[in-house]
Amino acid sequence: MCFEVCPPRTGGEICERDARRVGMARRLTAARLRYCGLEALVDDVTLIVSELVTNAIQHGSGVQVTFTMTVRGGFLHLAVNDGTPGRPVVRNAPEDAECGRGLFLVDCLASAHGGTWGTSDDGTTTWCCLAVPGGQS
């Protein structure tokens with residue numbers, strides 16, 4: 001899935017069109033997981049996709065985001081490319097903060113499913129992999 005995004009805004013705001021794109025990515029992810037017989041992963045994976053796509057829109061400087069999802073070797077692989085070099089990091093958000101926990105959630109969910117997350121060598125792609133229940137390929 002590849003889509004155009006609005007130019008970055010100050011304050012981390014996401015325009016309405018881009019917010020709809022995050023929802024679209026979640027729905028497509030859920031539908032694909034169900035089609036592949038991976039219903040058990042729908043809730044956690046749609047949350048991960050939401051966080052990764054939102055980060056790409058909020059923090060990327062490009063005008064296009066690409067999301068891929070594949071199952072191979074017993075793992076579900078998710079990748080979001082925004083064309084912006086850099087290394088996202090897990091932050092420790094204050095208790096009363098309304099944002100700043102996205103990558104913490106990604107890290108926790110990936111670990112809970114026997115997986116991990118990271119970035120490509122050039123930093124333009126953030127990825128996540130999770131073990132597939134029953135080792136499906």
Side-chain angles (χ1 to χ4, degrees):
M1 175 170 100
C2 184
F3 54 89
E4 291 182 4
V5 294
C6 296
R9 298 179 180 215
T10 58
E13 292 179 24
I14 295 179
C15 74
E16 184 178 330
R17 182 187 78 178
D18 290 347
R20 286 193 306 268
R21 303 247 195 238
V22 174
M24 179 182 65
R26 290 174 59 95
R27 288 187 299 279
L28 287 172
T29 298
R32 185 67 179 168
L33 290 170
R34 288 184 182 105
Y35 176 80
C36 293
L38 299 172
E39 293 87 359
L41 295 176
V42 169
D43 290 341
D44 289 347
V45 173
T46 55
L47 179 55
I48 290 170
V49 167
S50 181
E51 295 300 335
L52 295 180
V53 171
T54 298
N55 277 355
I57 293 169
Q58 276 186 320
H59 304 294
S61 60
V63 294
Q64 182 174 297
V65 171
T66 303
F67 164 64
T68 59
M69 179 173 65
T70 58
V71 178
R72 65 180 183 274
F75 284 87
L76 173 67
H77 298 266
L78 310 166
V80 177
N81 181 299
D82 63 12
T84 305
R87 301 263 183 230
V89 294
V90 176
R91 295 189 307 176
N92 290 322
E95 271 185 39
D96 59 347
E98 293 183 16
C99 61
R101 295 178 184 83
L103 290 177
F104 174 76
L105 289 171
V106 170
D107 185 52
C108 289
L109 292 171
S111 294
H113 289 280
T116 189
W117 73 278
T119 57
S120 60
D121 289 340
D122 65 1
T124 61
T125 301
T126 303
W127 56 266
C128 181
C129 67
L130 295 85
V132 173
Q136 295 175 331
S137 294

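Just so we're clear, the structure is a prediction, and the values are computed from it rather than from any experiment.
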Side chains of L78 and T68 in contact at under 4.5 Å (non-hydrogen atoms): no
Between OG1 on residue T84 and CG on residue N55, distance to nearest 0.5 Å: 11.5 Å
Mind listing the side-chain donor-acceptor pairs of residues 28-38 below 3.5 Å, one per line with the distance, residues two or more places apart or on another chain?
unit_1	atom_1	unit_2	atom_2	d
T29	OG1	A25	O	2.7

Set of side-chain contact (heavy atoms from CB on, under 4.5 Å) partners for T116, sequence neighbours left out: W127, C129
Spacing of T126 atom OG1 and N81 atom CG [to the nearest 0.5 Å]: 8.5 Å
Side chain to side chain donor-acceptor pair (under 3.5 Å) partners of T119, counting only residues at least two apart: R87
Over 12 non-hydrogen atoms of neighbours within 6.0 angstrom of CD in E39: yes
Side-chain touch E4/V63, heavy atoms, less than 4.5 angstrom: no
Approximate separation, where rounding is to 0.5 Å, of D43 CG and I48 CD1: 11.0 Å
Heavy-atom pair with the smallest gap, counting every atom of L47 and R26: CA-NH1, 3.8 Å
Results of side chain to side chain donor-acceptor pair (under 3.5 Å) for T70 - residues two or more places apart only: R72
Heavy-atom closest pair, residues V5 and Q64: CG2-N, 3.9 Å
Minimum heavy-atom distance M24-M1, with the two atoms named: CE-SD, 3.9 Å
Note, L76 side chain near V45 side chain (heavy atom, < 4.5 Å): yes
NE2-CG distance between H113 and L130, expressed to the nearest 0.5 angstrom: 6.0 Å
Criterion side chain to side chain contact (heavy atoms under 4.5 Å, CB included) on V132 and V71, from CA distance to verdict: CA-CA 8 Å; V132 173; V71 178; 4.0 Å; yes
By side-chain contact (heavy atoms from CB on, under 4.5 Å) - contacts of T54 (at least two apart): I14, V22, S50, Q58
Atom of G60, atom of D82 and distance for their closest heavy-atom approach: CA-OD2, 3.5 Å
With D122 via side chain to side chain donor-acceptor pair (under 3.5 Å) - residues at least two apart: S120, T124
Main-chain N/O of C6 paired with D18 side-chain donor or acceptor, under 3.5 Å: yes
Atom pair CZ/CZ of R27 and R20 - distance to nearest 0.5 Å: 10.0 Å
Over all atoms of both residues, closest heavy-atom pair of E51 and L105: OE2-CD1, 4.1 Å
